[in-house]
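Okay, so here's the structure we're looking at.
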Amino acid sequence: MNYQVNEKGYYGDFGGAFIPEMLYPNVEELRKNYLNIMQEESFQKEFNQLLKDYVGRPTPLYYAERFSKNYNTKIYLKREDLCHTGAHKVNNTIGQILMAKRLGKSRIIAETGAGQHGVATATVCALMGLECIVYMGEIDIARQAPNVARMKMLGATVIPARSGSKTLKDATNEAIRDWINNPMDTHYIIGSVVGPHPYPDMVARFQSVISEEVKKQLLEKEGREDPDFVVACVGGGSNAAGLYYHYLNNEKVGIIAVEAAGEGVLSGKSAATSALGKEGIIHGSKTLLMQTQDGQITEPYSISAGLDYPGVGPMHANLFKTGRGEFISVTDAEAMAAGLELSKLEGIIPAIETAHALAIFETRRFKEDDVVVVNLSGRGDKDLNTYIEHFNL
Ligand SMILES: *Cc1c(COP(=O)(O)O)cnc(C)c1O
C-alpha cells in the first residue's frame with residue numbers, strides 16, 4: 001500500500017482540489033511548480049539554512065526517562081517546542097514563503113484561528129520583508145489578544161472576519177475571497193495539511209524534516225531508524241504528517257493519531273473528526289469532517305485552540321479509513337492532566353494540543369521494550385491562562 005499522495009492529488013479516496021473556478025489559475029500555478037521549485041538546489045540550500053540558523057533545527061530527540069518509567073515503556077519526545085515561535089508551524093511557513101518568493105509573489109495572506117499560524121506567517125513575512133494580511137474571526141480576535149498583538153508587532157495587518165460564526169472557517173472564506181481577487185501578486189499560506197491539492201502534500205513535505213531528523217537521531221540512540229510507534233495530536237494534521245512522513249509506507253512502525261474529544265466524543269462539544277466525521281468537502285478537499293445530516297459543517301469544540309478544527313487533512317482521513325493509523329480521542333480533562341504530569345516529571349510544559357498526545361499513555365498500553373516517539377508539537381507558554389484556570393494555580 002502507498003499512503004503518500006498520488007499524481008492526481010489523492011490519498012486513497014481523499015484529497016483532490018474542489019475549488020471555485022476563479023481560484024483555478026492560482027492553485028494550478030502552484031501545482032505545476034511546487035515540486036520543481038522544492039527540488040531546486042538553491043531552494044533546498046536556503047530552506048535548510050533557515051531551518052538551522054533561524055528556526056533552530058535540528059530539534060532534539062529527548063528520551064523522557066521519568067515519564068517513560070511511569071508507563072513502563074520507552075518514550076522519546078521530538079522537541080518541536082524548541083523551534084523559533086514555539087511550535088512546528090514555522091517549518092511550513094518558512095517553506096511557503098520561499099515558495100512564494102520563487103513564484104514572484106509580493107503579498108502574503110493567511111487565515112488563523114487561535115493566531116498561532118498567523119504569528120508563524122507574520123514572522124516569516126517580517127523575515128523576508130513581504131506584506132502580510134491575516135484573516136481572523138472577530139470572536140477569535142477578542143479571545144486571542146496576545147497573538148493579535150504579536151502579529152501587529154511583526155508588521156502584519158489583521159483583518160476581522162465578521163460573517164457566520166466569526167471564527168476560523170469564516171476567516172478561511174475571507175482569505176479565499178481575497179486570493180480570488182488578487183490572483184497575480186498574492187500567495188496564500190495555508191497552515192496545515194488541508195486545502196486543495198497540492199497544499200496537503202506541500203505542507204507535509206515541509207514538515208517531513210521532523211521524521212527525517214527522528215530517523216537519524218534514533219539510529220544514534222537506539223541503533224535503529226524505526227521506532228515501534230509514532231504518536232502525534234491531529235488538528236488539521238501537519239505536525240502528525242511531519243512525524244509520520246518517512247514511516248507512512250513502513251508498516252512495522254505503528255501510527256497513532258490523537259484527536260480532541262473535548263468534553264466527550266458524544267457530548268456535542270468535541271472535535272473528534274474520525275469518530276464523528278463523514279466524507280465531505282471542506283476548504284477545497286474531500287476528507288472527513290463533522291457535519292449535520294444536510295451537510296452543514298458543525299462547530300467543533302476543544303479546550304485547545306489548535307485542535308478545534310472540524311476536519312482532518314486527506315492523508316489522515318485515508319490513514320483512518322484504511323486502518324493504517326490507530327485513532328484515539330482524548331478529552332479536555334485527560335489532556336490537561338497529562339500536560340501537568342509532563343511538567344512535573346520532565347520540566348517541560350507542553351502546549352495543550354501536545355498534551356492530548358501525551359494523555360494516551362493512561363489508557364493505551366505499550367510493551368516495556370517498545371520505542372514510542374511522541375511529537376512534542378509546541379510549548380505551553382501560550383496556554384498558561386488555561387492551565388491556571390483549570391487547576392486553580
Ligand atoms: C496548530 C498546532 C497544532 C495542530 O495543528 P496540526 O496541523 O494538526 O499540527 C498542534 N500543536 C500545536 C502546538 C499547534 O500550535
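Residue numbers run from 1 in the order of the sequence given. All figures in this text were calculated on a predicted structure; none of them were measured in a lab.
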Determine whether more than 12 heavy atoms belonging to other residues, nucleotides or ligands lie under 6.0 Å from atom [atom1] of [X].
| X | atom1 | answer |
| --- | --- | --- |
| Glu65 | CD | no |
| Tyr24 | OH | no |
| Ile133 | CD1 | yes |

Check: [Y] main-chain N/O paired with [X] side-chain donor or acceptor under 3.5 Å:
| X | Y | value |
| --- | --- | --- |
| Glu326 | Gly254 | no |
| Thr331 | Gly262 | no |
| Asn239 | Cys233 | yes |
| Ser267 | Lys269 | yes |
| Glu111 | Ala175 | no |
| Arg79 | Asp81 | no |
| His316 | Gly237 | yes |
| Thr112 | Met136 | no |
| Ser238 | Val193 | no |

- Item | Test log, rule side chain to side chain donor-acceptor pair (under 3.5 Å), inputs Asn33 and Arg102 | CA-CA 10 Å; Asn33 292 298; Arg102 284 181 174 61; over 6 Å; no
Pair [X]-[Y], side-chain donor/acceptor within less than 3.5 Å:
| X | Y | result |
| --- | --- | --- |
| Tyr188 | Asp178 | no |
| Thr186 | Arg107 | yes |
| His88 | Gln207 | no |

- Message: Does Phe206 form a side-chain contact (heavy atoms from CB on, under 4.5 Å) with Ile94? I'd like the steps, not just the answer.
- Response: CA-CA 9 Å; Phe206 288 141; Ile94 292 265; over 6 Å; no
Aromatic plane relationship, [Y] with [X] - under 30° parallel, 30 to 60° tilted, over 60° perpendicular:
| X | Y | result |
| --- | --- | --- |
| Phe327 | Phe320 | perpendicular |
| Tyr63 | Tyr76 | tilted |
| Phe361 | Phe366 | tilted |

Give me the atom names and distance for the closest heavy-atom approach of [X] to [Y].
| X | Y | result |
| --- | --- | --- |
| Glu225 | Tyr247 | O-OH, 2.7 Å |
| His117 | Ala110 | NE2-CB, 3.9 Å |
| Gly242 | Ser211 | O-OG, 2.8 Å |
| Ala120 | Lys89 | CB-CB, 4.1 Å |
| Leu376 | Leu358 | CD1-CD1, 4.2 Å |
| Ala359 | Val330 | CB-CG1, 3.6 Å |

- Item | Arg177 to Tyr135, cation-pi by 6.0 Å centre distance and 45° axis angle |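 Because its charged atom misses either the 6.0 Å distance or the 45° angle limit, Arg177 does not stack over Tyr135.
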- Query: Got a salt bridge between Lys105 and Glu131, using NZ or NE/NH1/NH2 to carboxylate O under 4.0 Å?
  - Reply: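 So Lys105 does not pair with Glu131 through a salt bridge.
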- Message: side chain to side chain donor-acceptor pair (under 3.5 Å) for Asp53 and Gln49? Distances and angles first, verdict last.
- Response: CA-CA 6 Å; Asp53 297 337; Gln49 195 77 45; 2.9 Å; yes
- Decide side chain to side chain donor-acceptor pair (under 3.5 Å) for Thr354 and Ser377; before the verdict, give the C-alpha distance in whole Å, the side-chain angles of both, and the deciding distance to 0.1 Å. CA-CA 6 Å; Thr354 314; Ser377 56; 2.7 Å; yes
- Message: Could you measure the distance from the CG atom of Leu289 to the CD1 atom of Ile297? Nearest 0.5 Å is fine.
- Response: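 Interatomic distance, Leu289 CG to Ile297 CD1, rounded to 0.5 Å: 5.5 Å.
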- Steps toward side-chain contact (heavy atoms from CB on, under 4.5 Å) verdict (Arg57, Asn91): CA-CA 10 Å; Arg57 305 202 72 91; Asn91 302 325; 3.0 Å; yes
- Message: Would Val203 and Ser192 count as a side-chain contact (heavy atoms from CB on, under 4.5 Å) here? Give the steps.
- Response: CA-CA 7 Å; Val203 176; Ser192 190; 5.7 Å; no
- side chain to side chain donor-acceptor pair (under 3.5 Å) between Tyr301 and Asp332: does it pass, once the steps are laid out? CA-CA 10 Å; Tyr301 164 80; Asp332 288 355; 2.6 Å; yes
